[in-house]
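The structure appears right after this line, and notes come after that.
Each chain gets a letter, A, B and so on, in the order its sequence line appears, and its residues count up from 1.
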Number of protein chains: 2
Amino acid sequence: MIITKAGRRMFPAMRVKISGLDPHQQYYIAMDIVPVDNKRYRYVYHSSKWMVAGNADSPVPPRVYIHPDSPASGETWMRQVISFDKLKLTNNELDDQGHIILHSMHKYQPRVHVIRKDCGDDLSPIKPIPSGEGVKAFSFPETVFTTVTAYQNQQITRLKIDRNPFAKGFRDSGRNRMGLEALVESYAFWRPSLRTLTFEDIPGIPKQGDFKTLKNLHSPLKLSNCWST
Amino acid sequence: MIITKAGRRMFPAMRVKISGLDPHQQYYIAMDIVPVDNKRYRYVYHSSKWMVAGNADSPVPPRVYIHPDSPASGETWMRQVISFDKLKLTNNELDDQGHIILHSMHKYQPRVHVIRKDCGDDLSPIKPIPSGEGVKAFSFPETVFTTVTAYQNQQITRLKIDRNPFAKGFRDSGRNRMGLEALVESYAFWRPSLRTLTFEDIPGIPKQGDFKTLKNLHSPLKLSNCWST
DNA sequence: ACTTTAGCACCTAGGTGGCAAAGT
DNA sequence: ACTTTGCCACCTAGGTGCTAAAGT
């Protein structure tokens, strides 16, 4: 994921569906993001792999994203897909916007927390999530990601551009078109169709680096991750 | 105020500051809009006045705008200016977006409600606001307005365009400029400066019809209206 | 004759990756 | 040598009054 000083959304956003709550009980739902290991990484271009590049940087202030619909009844939470699309990541350790602070070039995993109202009334974006009975945490292995300040890998860039509506300007039908490749493609029938293969390869690339898969997970637990499209 | 089928914001938005709450008590804050009288109005162009045009239309479903920061502690409410700028008005009696339903060509007045949490837990956009101890209502005479589907009065239109950032495209420096008046104004020094007086008159026009004044009211009560600019 | 609607051009507000420059 | 920053064009999303046409 890209992180910036001003704060950047995750894409795709974490989306989750809950069942098994008490419909009449009030709950907070929150997300935090924890390190996967104690390492710092670098991307090795020639092998297209993330490699360990030393130990993790010193810890950053822990932050919590409280879902903006909180608090709400179990009934309300269960009726909707719960989206974390407004959550923002930053690399600014002095951030005062309540964004989640992460180190660049580290591996992280988001966690979803379901917190019974009476256990969460002192919940705060800048305090760690309480633990104990009445608080449950969920995470999904396929949502592990690596933080960057600029994409390391053209395949990831391509996925972002193809899927994120806000990046439509960079799609092939956008302005890159009529830049260079567009001309090549427009006149492709004039030449051996070799170059286009480069693009047709992309759907099958091994997933790496940034987010790992886009497929649904139907969890046997109470939460299911709606990571899709 | 303009009302439409899809819903239209009020402009300027109602803004309010509260004091005297219990800092540690939780409150909801809500707004509803009630008829000023039982009449329907029409605008008489030659006299520049709203005149009674019969009795009010039959009542519409009552709606409540619950301030999106609700519920929050007294401390939180008192620390900020509370703005109702996301509230929307509609003339669609079958509205299912939770907007406030009003009749066109009627006079209305917004009311602000401060509701102690334990009295407001069954608050709903489509239910009337509960009454009793723990619920207080405030309203400000200068915020009475008349609903329309199209402005009746060039002075009101002008105020809206001048003050609302979203209407910048209609300002004199916008595209009307270079239309007609702009040319006149550009060459004003070529002619007797008679026409410009028409514009200089505007700041002093008697307020009428739509919203009545823009000045601050510093209420002796616990709420003060921040209607300004 | 008066009121309402639907589509429009023109804005605000803010989310994208690209890219050259700066930082380390 | 590698990483980060700041600014940019290009988008999405949605709030304005205008206008011609439709409704009543």
Side-chain angles (χ1 to χ4, degrees), chain A residues 1-13 40-45 51 53-54 57 85-92 97 103-106 146-154 156-180 210, chain B residues 1-13 40-45 51 53-54 57 85-92 97 103-106 146-154 156-177 179 210:
Chain A
M1 289 300 162
I2 294 270
I3 58 181
T4 65
K5 199 171 165 187
R8 204 80 156 184
R9 292 185 177 178
M10 296 178 66
F11 186 87
R40 171 177 243 279
Y41 288 82
R42 54 187 265 269
Y43 190 74
V44 180
Y45 191 78
M51 312 277 289
D57 298 340
D85 57 338
K86 297 207 171 37
L87 174 156
K88 285 190 175 178
L89 310 179
T90 184
N91 58 350
N92 179 8
Q97 308 298 300
H103 279 129
S104 188
M105 314 308 272
H106 288 60
T146 308
T147 46
V148 295
T149 57
Y151 292 128
Q152 306 291 307
N153 172 323
Q154 183 60 46
I156 290 297
T157 307
R158 191 168 193 81
L159 275 175
K160 305 279 187 176
I161 290 177
D162 286 347
R163 306 280 188 151
N164 191 325
F166 291 109
K168 192 184 260 186
F170 298 104
R171 307 238 251 256
D172 273 354
S173 340
R175 60 140 197 188
N176 282 355
R177 205 147 183 104
M178 298 304 116
L180 173 67
D210 206 338
Chain B
M1 290 299 163
I2 294 269
I3 58 181
T4 65
K5 197 170 166 188
R8 203 82 155 180
R9 291 185 176 177
M10 296 178 66
F11 186 87
R40 170 175 243 280
Y41 289 82
R42 54 186 266 270
Y43 190 74
V44 181
Y45 192 79
M51 312 276 290
D57 298 339
D85 57 338
K86 297 207 171 38
L87 176 156
K88 286 191 174 178
L89 311 179
T90 183
N91 59 350
N92 179 9
Q97 308 298 300
H103 279 129
S104 187
M105 314 307 272
H106 288 59
T146 307
T147 45
V148 294
T149 57
Y151 293 129
Q152 307 290 307
N153 173 322
Q154 184 60 44
I156 290 298
T157 307
R158 191 171 192 79
L159 276 175
K160 303 280 186 174
I161 290 175
D162 286 348
R163 305 281 186 150
N164 190 326
F166 290 108
K168 191 185 259 187
F170 300 103
R171 306 238 252 255
D172 274 355
S173 339
R175 59 145 196 184
N176 283 353
R177 200 139 184 113
D210 208 340

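For B/Thr157, whose side chain is taken as the heavy atoms from C-beta onward, the closest listed nucleotide among D/dG17, D/dT3, C/dT3 is D/dG17. Minimum atom distance to the side chain of A/Lys5 is reached by D/dG6, of the listed D/dG6, D/dT3, D/dG17. Of the listed nucleotides (D/dT5, C/dT4, C/dT16), D/dT5 has the atom at the smallest distance from the side chain of A/Asn91. Minimum atom distance to the side chain of B/Thr149 is reached by C/dT3, of the listed D/dT3, D/dG17, C/dT3.
Direction of the helix axis in the helix from C/dA1-D/dT24 to C/dT24-D/dA1 shifts by 20° between the two five-pair termini, rounded to 10°.
Taking atom CG on A/Leu89 and atom C1' on C/dG15, their separation rounds to 14 Å, with Å as the unit. What separates CD1 of A/Ile156 from P of C/dG18 is a distance of 12 Å, to the nearest Å. Per the geometry, CG belonging to A/Asn164 stands 7 Å off C1' belonging to C/dG15, to the nearest Å. Rounded to an integer number of Å, the gap from A/Tyr43 OH to D/dA1 C1' is 18 Å. In this structure, B/Ile2 places its CD1 atom 15 Å from P of C/dA6, rounding to the nearest Å. For the pair A/Met105 CE and D/dC2 C1', the computed distance is 8 Å after rounding to whole Å. Nucleotide C/dA1 holds its P atom 16 Å from the OH atom of B/Tyr45, rounded to whole Å. Look at CD1 on B/Ile3: it is 14 Å from P on D/dG17, rounded to the nearest Å.
Nucleic acid contact class of A/Ser104 (heavy atoms, under 4.0 Å, all strands): sugar-phosphate only.
Side chain B/Arg8 to base D/dG17: a donor-acceptor pair is found below 3.5 Å.
Taking the side chain as every heavy atom from C-beta outward, B/Arg158 and B/Ile161 never approach each other to under 4.5 Å. Residues B/Val148 and B/Met105 meet the side-chain proximity criterion, which asks for heavy atoms closer than 4.5 Å.
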I'd like a table of atom pairs between the protein and nucleotides 12-14 of chain D - only N or O on both sides, under 3.5 Å - with the distance next to each one.
from: D/dT12; atom 1: OP1; to: A/Lys168; atom 2: NZ; distance (Å): 2.9

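Residues B/Tyr41 and B/Ala53 share a closest heavy-atom pair of C-CB, 3.9 Å.
Between the OG1 atom in A/Thr4 and the NZ atom in A/Lys88 there is a gap of 8.0 Å [rounded to 0.5 Å]. Distance check: B/Asn164 CG to B/Phe11 CZ gives 4.0 Å after rounding to the nearest 0.5 Å.
With B/Thr146 contributing its side chain and B/His106 its backbone, the two residues share no donor-acceptor pair below 3.5 Å. For the pair B/Thr147 (side chain) and B/Met1 (backbone), a donor-acceptor distance under 3.5 Å is absent. For the pair A/Arg171 (side chain) and A/Asp162 (backbone), a donor-acceptor distance under 3.5 Å is present. With hydrogens and angles disregarded, a donor-acceptor distance shorter than 3.5 Å links the side chain of A/Asn91 to the backbone of A/Lys5.
Between A/Gln154 and A/Gly7, the residue whose closest nucleotide on DNA chain C is further toward the 5' end is A/Gly7. If you find the closest nucleotide of DNA chain D to B/Ala150 and to A/Arg40, the one lying nearer the 5' end belongs to A/Arg40.
Taking the salt bridge (charged side-chain N to carboxylate O under 4.0 Å, His left out) definition, one finds that A/Arg40 meets it with A/Asp57, sequence neighbours left out.
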